Structure formats: structure tokens, C-alpha cells
Amino acid sequence: MTDNFLYQQARLSRDPRFDGSFYVAVKTTKIFCRPICPATLPLEKNVEYFVMAQQAMQQGYRPCLRCRPDSAPSSNAWQGIATTVKRASRLLHDYHELSISEIAKKLGIGERYFRQLFKDQLGVSPKQFQLFDQILFAKHLLHQSNLSIEQVAQSSGFNNARRLQIQMKKVTGLSPSQVRQQQHHIEQDIQLSMAFRPPYNWPHLRDFLALRAVPNIEQIEHDSYARTFILGNCKGWFQARYDGHKNHFKLHIKLNDIRYLTKVLRNIERVLDVAADIQGIQQQLSLSGIPLEQLTEGLRLPGIWEPFEAGCRAILGQQISVKAAINLVSQLVDELGEKTDETNYFPSPERVATSDLLFLKIAASRRQTLVAFTTFCLQHPNASIDDWLSIKGIGPWTVAYAKLRGSSSPDIWLDTDLVIKNQLDKFSINAEYARPWRSYLTLQLWNLA
DNA sequence: GAATTCCCCTG
DNA sequence: CAGGTGATATTG
């Protein structure tokens, strides 16, 4: 299989996970693009692939004006709309006293477009976003300072105490003085829909997650998945309700720092794997030799909220059954999870590091691995999952599993997995032909077991 | 919501 | 290169 063939698969799917790894040049127009470019897909006979943008430039190609392949990855131009939304939420947070139209002016875009774009991307209007942020700031002042209510109102961008009172009641149901007295936990309930590209095999994803659900963290119903999460300094909860007719999830999100909304949405997209082009992926999988009638329609990669959690689950799951593993994870959560207001969260590395983990009835060496892993995560917060290989007790299987579930890498082939090995004996499969979607092949084979 | 801009295909 | 098509991003 040639590299070109892999590039072709990747570009046809427009999967963002391949963004930045190569560029597509169109011979007929002498323009080159990123694999995610929204423009009409060029015919294969007209394209040529490059690993670096400069190579394309040298061959006389001009960068596309839509996807800006000439800009540096993760630069402002590269992120396109995302940058505008990011700047917008930053401005809304920094300038509570500015009106929406003044913010739009600062952004250099029309007010109408600002509203539309913001609501479209975040499911919350700029005004709601700003109001909730103001309320949180006011609450902070009420608790942490002895400013008068009038002063708090002024500082948080409300013109007077009356205005603060009205808005605070609207968001929290309480007056400012009540908020000051009680240690009340404020959360905004955000609702929006998140589209996916059909087919989407919801029962499979649901059952997969249900089998591995950690009590008090995750809740699963016949048509919904919910869990608590921590992202940076933000704590929250989300529930995704599947709607197969409208091809979307109905999302409920609660969080205590609205500035994280974008990141939270990105991660939910990943956990539910809504962006994958399943149709194209399945075509690719059929080339590997897996019998077509055995291929389950619409299988997605069930994600874990973040790599650290995936790592803990993987380590505690080494060599034992799923059920036994979840028991251990559950003990870890009960013992060390961060509990606030009846709600439990998966423990951070910091919290795991405070414990000797003796409450886990596992082999000492396994416990050692978990300690070493946690320490590693604390010391190298920006390390990639591949770097975990240097930790004693973490081998290729654990790393691969964590990448598949914790970062939703599309091309992880778990050929060291026992279940997969058994399946390979049953069918004559050449996984090479499933590239770059071998994670999906792994899922398919697990599903058949 | 129409109009414009951009990209790609075909002849 | 001209003329036609689909798909954004953005404005009025």
C-alpha cells in the first residue's frame, strides 16, 4: 500500500485528526489545501501530496484562501473561525461593561454575524455568555470580599445593585445577599445540539460505555450518556441524548467556568466520535478482508474524557476482566475522587499522588506502575502518550489502548490484545489494508468477539 | 435570505 | 480559458 493511498483515504474523510500531517495539491488549479479544506473534493488523478507546505510552494502551488495551508499549524489563521470565537469569549470575559455591538466592533466583524457565529459554535448567545460570566465574578466578589452589594454590582459590570439583583435571581434563583451567605454552587445549564454524520451505531457505543461505566462518574440510559468531568480549572457535567431521526445529540452541559465551553465541546465531540466519516471508513475496512456481512454498521470509537483517566483505566485493566477492572477504577474514584456538592469527579494526578493506594487489592508491582505513571504525569504535564513507554510496567498494549480511547487516534492497531489475536485466527485479515483506520478495525473485531 | 467569494470540473 | 456547480464565510 502506498503512502498516496493513505493520504487519499484521509483527505476523502476530511477527518480533522489528519490535519497538519500532509497537504493536498491540485494540479489543474495549482492550489494546495489542508486535508480538512471544505472545498469540493478534487479527483484523485488531479492531486499530488506533500508532507510540508513549503514543498508545495516550491512546486509552484499557491495556498488555498479557505483553509490557509501556508500558515503555521495552531496559528490564528490556521484555526480560522475558532480564533474569532476564542477572541470573542476572551473579550466578553475581559470587558463585562462593553455591549455586544462594541465587542463585535473590536473583533472587526458585523454584529449580526457575531451573534450567529457565536451561537452556532457554542450554543450560547454572546449576551448569555457574558451575563453568566458576570454573575460568576459577582459571586466570587460576594464571597471573597467585603464590598457592598452596590460596589459588587459596579465591579462586575452591572450598572447598579438593582440590575445585579434581577440578573442574579434569573441565573441562580437567589438574591445577592443570599448568595453571599450561602456557599452556593452556581452552574449554568447550557443546551444545544451536536450533529453527527450518519450512520451512527448508538446501541454499540452505549453498551460499550455502559459495560465500563464508573458509578458516580458516568450515567447511562437507553438513549443517553452522561458524566462528570474536570478540564483545567473547570468542573462540570454533560449529558448527551441520542436522536437518530435528527442525526444529532441533544446536549446538556453544566460547568462552573464558561470560558471552557469551547474546549468542553471539542472534547465531547471526540468522546462521542461525531466527526468521523464512517461510510468511508467502512469501505476501507472491507479491504482488510473482514467479511462484509460481519461488519457492524456505524461503529464509533468510544472515548475516555482525558488521557490520564485512560491511562489509569488501562493500567488497572491489564490482564483482568473488564468487570474486575471497573471495580478497581471505581474504588480509586470513591477513595480519591474530588467530591463537591454530592458530585464526584475522576481524581487528578495530584490527588492520586497523595495516596499509597493500599486500598487497591492488586499486585504490588501493578501498584508501583500506577504510582510511577501518576508521578510521570505530574512531572511531564505536556508529554505525549507515547512517552509513557518509558515507565516501568507500561508496555505497548497499555500505550495503544490509552491512545485509542484517551485521544481517539484513528489508526491504532491493538494486535497485542488477546481478543484481537483470537479474532485474527478466525478470519484472514490483513490489517495493513485498513490503514489509516485501524482503530475502527480493532473496535469491529472486539464487537464480533 | 440574497449576494459574494472560492474552489474544482468539464468542454 | 469560459461557463457551471457546490460549499463556506461574511455582509447588509
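Since we're looking at a predicted model, the values are computed, not measured. The figures here come from the full heavy-atom set of this structure, side chains too, leaving out hydrogens, waters and symmetry mates. A, B, ... follow the sequence lines: proteins, then strands. Residue 1 opens every chain.
For Lys86(A) and Gln79(A), the side-chain atoms include at least one donor-acceptor pair closer than 3.5 Å.
Residues Tyr433(A) and Trp413(A) place their aromatic rings such that the two centres sit no closer than 6.0 Å. Phe196(A) has its ring centre less than 6.0 Å from the ring centre of Tyr242(A).
Put simply, CZ on Arg62(A) is 12 Å from C1' on dC8(B), counting in whole angstrom units. Nucleotide dA7(C) holds its P atom 16 Å from the CD1 atom of Ile81(A), rounded to whole Å. To the nearest angstrom, P of dG6(C) lies 14 Å from CZ of Arg14(A). In this structure, the CZ atom of Arg112(A) is 13 Å from the P atom of dA2(B), given to the nearest Å.
A side-chain donor-acceptor contact under 3.5 Å links Gln282(A) to the backbone of Gly298(A). No donor-acceptor pair under 3.5 Å is formed between the side chain of Arg313(A) and the backbone N or O of Arg405(A).
One cannot find a donor-acceptor pair under 3.5 Å joining the base of dA9(C) and the side-chain atoms of Arg66(A).
Within residues 24-42 of chain A, the residues approached by DNA chain C to less than 4.0 Å at the level of any non-hydrogen atom are Pro38(A), in residue-number order.
Base pairing of dC7(B): no nucleotide in any strand meets the Watson-Crick or G-U wobble criterion (both distances under 3.5 Å). Nucleotide dA2(B): paired with dT11(C) (Watson-Crick or G-U wobble, both distances less than 3.5 Å).
In this pair, His96(A) and Phe137(A) present their aromatic rings tilted. The plane angle is within the 30 to 60° band.
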